[in-house]
Amino acid sequence: MTSSTTSATPAPEPVPEPAQEPLRESASEPARKPSSGKPPSAASLARQRRKASAVRFWKQYRTHRAGLYGLAGLVLIALLALAAPLLVGADVQSVTKAPGTALESPSAEFPLGTDQFGRSLLGLLIWGARISLLVGLLAAALSVAIGTLVGIVAGHYGGWFSTVVMRITDWFLVMPALVLAIVLATVMSRSMWTVVLAIGVTSWPTTARLVRAQTIAVESRPYIERATALGGGHRHVMTRHVLPNVMPLVLAQTTLGISTAILTEATLAFLGLGDPTVVSWGGMLQDAREAGAVSSGHWWYLAPPGIAIALVALAFTLCGRAVESVLNPKLGVGR
């Protein structure tokens with residue numbers, strides 16, 4: 001009986017051993033945090049898109065030789081303007097501490113000669129680049145800002161409001177901008193900010209018309225209708241959808257407008273409407289005219305600031321044409 005009971009009892013099943021592969025893997029490699037699996041945020045995607053867009057823009061810009069020449073010239077002039085306090089010092093503007101005599105011709109000591117007070121024209125030329133570039137940049141930025149605001153608002157709302165705004169824009173457009181700037185500079189106090197304001201508030205109509213046309217084209221696209229249907233208000237549509245799409249045009253217009261602003265500033269200073277307390281290229285031309293450099297044949301007093309104005313305007317124009325060609329290849333601007 002005992003033997004039969006023993007033979008009837010089933011044998012215990014073997015217990016399976018735990019898998020050792022995960023242990024060996026964890027022992028040989030450092031512990032890693034499991035990936036969250038979350039998609040990248042909207043901010044990171046926007047940064048990646050902006051970075052890729054900047055890289056693509058630079059690759060296309062490099063194919064324009066004229067634009068590269070203009071950019072190299074602007075970088076050189078900007079570096080000289082920034083380093084002016086180190087290169088020539090602020091004493092170069094002093095009339096009482098002038099190192100030379102009046103109207104000296106170019107020499108080893110004064111490579112570009114001296115003015116009627118005995119100041120070095122080379123030092124004045126380098127120092128004057130600060131004011132001329134600053135006024136040009138600020139005036140162009142103000143002009144483009146006004147034109148962009150007017151163009152987007154007029155193109156977005158349309159109707160009678162757009163008609164009234166465009167008629168005002170046309171009035172500013174047919175009026176000579178230089179005459180209006182002279183009037184403003186004459187009425188207001190003579191300072192650098194007056195020149196910036198006079199140039200900025202008289203040269204915006206061209207930008208306004210271009211931006212309005214681009215705004216109308218952008219708002220005819222389907223995603224604007226979807227944004228409006230989803231509850232997007234006027235401000236949301238203008239700032240989040242229209243403005244980013246017109247920014248390439250605004251950037252190109254700003255680059256082209258700086259050269260015009262610099263020329264206008266030089267003209268106002270030449271007419272005696274600039275800030276008399278600062279040195280600018282236009283102010284140097286006005287001083288040369290008052291000193292009789294034209295009739296007396298002192299060409300070194302007239303040539304350096306005139307050539308500097310022409311070179312900077314040309315450099316900004318070359319950069320602006322290259323930027324415009326990259327942002328709008330249909331223009332077919334030569335390389």
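Just so it is clear, the structure is predicted and the values come from calculations on it, not from any experiment.
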Quiz item: Quick one: does Leu263's side chain get under 4.5 Å of Phe316's, heavy atoms only?
Solution: no

Practice problem: Look only at the side chain of Ser120 and the backbone of Thr114, and say whether a donor-acceptor pair between them is shorter than 3.5 Å. | Solution: no

Exercise. Could you tell me whether Arg130 sits above the aromatic face of Trp127, with NZ or CZ closer than 6.0 angstrom to the six-membered ring centre and within 45 degrees of the axis?
Key: yes

Quiz item: side-chain contact (heavy atoms from CB on, under 4.5 Å) between His241 and His236: does it pass, once the steps are laid out?
Solution: CA-CA 7 Å; His241 297 287; His236 175 81; 3.4 Å; yes

Quiz item: Less than 4.5 Å apart, any side-chain heavy atom of Leu273 and any of Val195?
Solution: no

Please tabulate, for the side chains in residues 144-159, all donor-acceptor contacts under 3.5 angstrom to protein atoms that are two or more places apart in sequence or on a different chain.
from	atom 1	to	atom 2	distance (Å)
Thr148	OG1	Val144	O	2.7
His156	ND1	Glu219	OE1	3.4
His156	ND1	Glu219	OE2	2.5
His156	NE2	His234	ND1	2.7

Quiz prompt | Intermediate values then yes/no, side-chain contact (heavy atoms from CB on, under 4.5 Å), Leu178 and Thr264 | solution = CA-CA 7 Å; Leu178 181 59; Thr264 306; 4.2 Å; yes

Quiz prompt | Side chain to side chain, Val323 and Phe57, heavy atoms closer than 4.5 Å | solution = yes

Quiz item: Atom OG1 in Thr255, atom CD in Glu324: separation rounded to 0.5 Å?
Solution: 9.5 Å

Self-check item: Leu68 side chain near Tyr61 side chain, heavy-atom distance below 4.5 Å
Solution: yes

Exercise. Quick one: closest heavy-atom pair of Arg212 and Met166, and the distance?
Key: CD-SD, 3.2 Å

Quiz item: Backbone N or O of Gly306 within a donor-acceptor pair of the Trp281 side chain at under 3.5 Å?
Solution: no

Quiz prompt | Ile168-Met175 co-clustered via ILVMFWY side chain contacts under 4.5 Å | solution = yes

Quiz item: Can you check whether Asp275 reaches Trp193 side chain to side chain, under 4.5 Å on heavy atoms?
Solution: no

Practice problem: Please check if the side chain of Arg190 supplies one atom and the backbone of Gly274 the other of a donor-acceptor pair under 3.5 Å. | Solution: yes

Practice problem: Mind listing the closest non-hydrogen atom pair of Pro244 and Arg240 along with its distance? | Solution: CG-O, 3.6 Å

Exercise. Please name the pair of heavy atoms, one in Pro106 and one in Pro111, separated by the smallest distance, quoted to 0.1 Å.
Key: CB-O, 3.2 Å

Exercise. Treating Ile, Leu, Val, Met, Phe, Trp and Tyr as nodes and any side-chain heavy-atom pair under 4.5 angstrom as an edge, say whether Leu124 and Leu311 lie in one connected cluster.
Key: no

Exercise. Indicate, with yes or no, if Phe270 and Leu121 share a hydrophobic cluster defined by side-chain heavy-atom contacts under 4.5 Å among Ile, Leu, Val, Met, Phe, Trp and Tyr.
Key: yes

Quiz item: Closest approach of Asn245 and Pro248, non-hydrogen atoms and distance?
Solution: O-CD, 3.7 Å

Exercise. Measure the shortest side-chain to side-chain distance between Val218 and Gln214 over non-hydrogen atoms and say whether it is less than 4.5 angstrom.
Key: yes

Quiz prompt | side-chain contact (heavy atoms from CB on, under 4.5 Å) between Trp204 and Leu142, intermediate numbers included | solution = CA-CA 8 Å; Trp204 58 267; Leu142 177 61; over 6 Å; no

Quiz item: Do Leu184 and Val201 touch side chain to side chain, with heavy atoms closer than 4.5 Å?
Solution: yes

Quiz item: Can you get from Val279 to Leu122 by hopping between Ile, Leu, Val, Met, Phe, Trp and Tyr side chains that sit under 4.5 Å apart?
Solution: yes

Quiz prompt | Gap separating the CG atom of Leu103 from the OG atom of Ser296, nearest 0.5 angstrom | solution = 6.5 Å

Self-check item: Point-to-point distance, once rounded to the nearest 0.5 Å, from NE2 of His64 to CZ of Arg321
Solution: 10.5 Å

Quiz prompt | Pairwise side-chain contact, Ile262 with Val135, heavy-atom cut-off 4.5 Å (strictly under) | solution = no

Practice problem: Give the minimum heavy-atom separation between Thr317 and Ser259, together with the two atoms involved. | Solution: OG1-OG, 3.6 Å

Quiz item: Taking everything shown except Arg235 itself, do over 12 heavy atoms lie less than 6.0 Å from its CZ?
Solution: no

Exercise. To the nearest 0.5 Å, tell me how far Ile182 CD1 sits from Leu268 CG.
Key: 6.0 Å

Quiz prompt | For the student: nearest non-hydrogen atoms of Met192 and Ile131, plus distance | solution = SD-CD1, 4.2 Å

Self-check item: Between CG on residue Leu86 and CD1 on residue Ile126, distance to nearest 0.5 Å
Solution: 11.5 Å

Quiz item: Quick one: CG on Leu197 to OG on Ser191, what's the gap to the nearest 0.5 Å?
Solution: 9.0 Å

Quiz item: Would a hydrophobic clustering, with Ile, Leu, Val, Met, Phe, Trp and Tyr connected at side-chain separations under 4.5 Å, put Ile199 with Leu134?
Solution: yes

